[in-house]
There are 2 protein chains.
Amino acid sequence: MTNKQKVSYAPSIRRLPSYLNIIRHAQSNGDQFISGTVIANELNLEPIQVRKDLAITGIIGKPKKGYPVNDLVLAIERYLGWNVEHKAVVVGAGNLGSALSGYQEFKNHGLNIIAAFDTDPSKVGSTVHGVPIYPLEKLEEIIPELQAEIAILTVPSPFASSTCDSIVKAGIKSIWNFTNIKLKVPANIIVWREDLSSGYAMLAVMMKIALKNETAEL
Amino acid sequence: MTNKQKVSYAPSIRRLPSYLNIIRHAQSNGDQFISGTVIANELNLEPIQVRKDLAITGIIGKPKKGYPVNDLVLAIERYLGWNVEHKAVVVGAGNLGSALSGYQEFKNHGLNIIAAFDTDPSKVGSTVHGVPIYPLEKLEEIIPELQAEIAILTVPSPFASSTCDSIVKAGIKSIWNFTNIKLKVPANIIVWREDLSSGYAMLAVMMKIALKNETAEL
DNA sequence: TAGATTGTTAATCGATTAACAATC
DNA sequence: TAGATTGTTAATCGATTAACAATC
């Protein structure tokens, strides 16, 4: 009934991709080991936090040397489920949807975008970044054929709820929601909402505080 | 020296934009009051959390009725600094940069994107969603002329550091960083990093857990 | 060896949730 | 009035940070 999927270690999980970036860098440098201290410095974090976060992946470090780079990359990818490929579709091939279709980074994370859907007849039949665009009305027909597991929802917010219902009917198990609408879905459907506005809220508040401090100094 | 701008109530701040959406909806419905309970139900949150969050804006509710809608909208906007307009530029008019340039939602938040910069000569001189594109090399010259305060950084990550340096030289005070690079900036520069990968990390982990529970039921 | 770095256990900090009197 | 909803104060929960022995 409740679809509050509380995930343990959520803050740690959200930091792991940043660690992975740095560790992959070290890997391409040919480094065998990388220490938590080095990762922490790179990201302005505390070394103890990095060690605690890495501990959840099950990897064991060597005192004095750090963590074995190759093992660490694999352990993080395994922990994040990024070693498994997931087929995804973009629903709403507007500005944001098109951008995400072409986001190369996702390929490294096992996220494979294989189709997009849009209502615009002039887009249907063409491709964005190599991804074919299908008519939105045929979504419930095509998604099962493609065996897509993930829907990336980037329709304008007035259409979010109804489109979401179609997606669920089509058998999608997991929705990455870029609209500012809270979706109502059955309990077994996974939803992660990406909220760009909340990022701007943080930025704007920090600017307000900075301005206050500035004028206070006069 | 340290640019760890710790903001109090960060989790509350990040939830406020969602509340604002719902409250504006109520406002356009002509509602005079909205209760924390209603907001909470809409977002699958606890009413006490909504009340606590709204308390930081300084607004006072009426027992039995809830919060006055018009006052609440203004109070949240004021608290978030969204009542102040900020001029912004997009640096890197690729897929994501173009998408953000056309993101209408931002206008409602006082974020006014007035220019974009790119290295691609075929883009320079044209516009994206009405936003003029300038050559990236002229960034340090043009930004001061435009009196932009915010840079939205959407260049490919190999160029993030050097571009960031130019941005800082140009006098930008605040950077919304969409690259996966941790930027090195002077202490007085505000940075908020938006990390799309961390969202996918959460989604992928939730999918892994769901799969585990499923197979456990057999 | 000496010392940087680890993993573990405990302490602190902050955020969420609970309890409840006040009130329109 | 009765009861839904508020704001406040306290309790709980979870995340971060500190301390430190173990070790390569």
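So you know, we letter chains A, B, ... as the sequences are listed, proteins then strands, and number each from 1.
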Restricting to nitrogen or oxygen on both sides, can you table the protein-nucleotides 21-24 of chain D pairs closer than 3.5 Å?
none

Original post:
Between A:S12 and A:R51, who's closer to the 5' end of DNA chain D by nearest nucleotide?
Top reply: A:S12
Does [atom1] belonging to [X] count more than 12 external heavy atoms closer than 6.0 Å?
{"X": "A:Y103", "atom1": "OH", "result": "yes"}
{"X": "B:F159", "atom1": "CZ", "result": "no"}
{"X": "B:H129", "atom1": "NE2", "result": "yes"}

Original post:
Could you write out DNA chain D as a dot-bracket string, with dots for unpaired bases, | for bases paired across to another strand, and Watson-Crick or G-U pairs counted at under 3.5 Å?
Top reply: ..||||||||||||||||||||||
Subject >> B:R24/B:E77 salt bridge by N-O under 4.0 Å criterion >> reply: yes
Original post:
Hey, is B:E214 close enough to A:K173 for a salt bridge, meaning N to O under 4.0 Å?
Top reply: no
Original post:
Checking all strands, does B:I59 fall into the base, sugar-phosphate, or nothing category for heavy-atom contacts under 4.0 angstrom?
Top reply: sugar-phosphate
Original post:
Is the gap between the ring centers of A:W82 and A:F106 under 6.0 Å?
Top reply: no
Original post:
Is a donor-acceptor pair below 3.5 Å formed from side chain B:K6 to base D:dT16, judging by atom type as modelled?
Top reply: no
**OP:** Assess whether one donor atom and one acceptor atom, taken from the side chain of A:K52 and the base of D:dT17, lie less than 3.5 Å apart.
**Re:** yes
Subject >> For DNA chain D, the residues among residues 13-35 of chain B that have a non-hydrogen atom under 4.0 Å from it >> reply: B:S35
**OP:** Answer yes or no: does a side-chain N or O of A:Y67 lie under 4.0 Å from OP1 or OP2 of C:dG7?
**Re:** yes
**OP:** Work out which heavy atom in A:V131 is nearest to a heavy atom in A:A116; give both atom names and the distance.
**Re:** CG1-N, 3.6 Å
Subject >> Heavy-atom pair of closest approach, residues B:K208 and A:Y79 >> reply: NZ-O, 2.8 Å
**OP:** Tell me which nucleotide among C:dT16, C:dG7, C:dT17 gets nearest to the side chain of B:P11.
**Re:** C:dT16
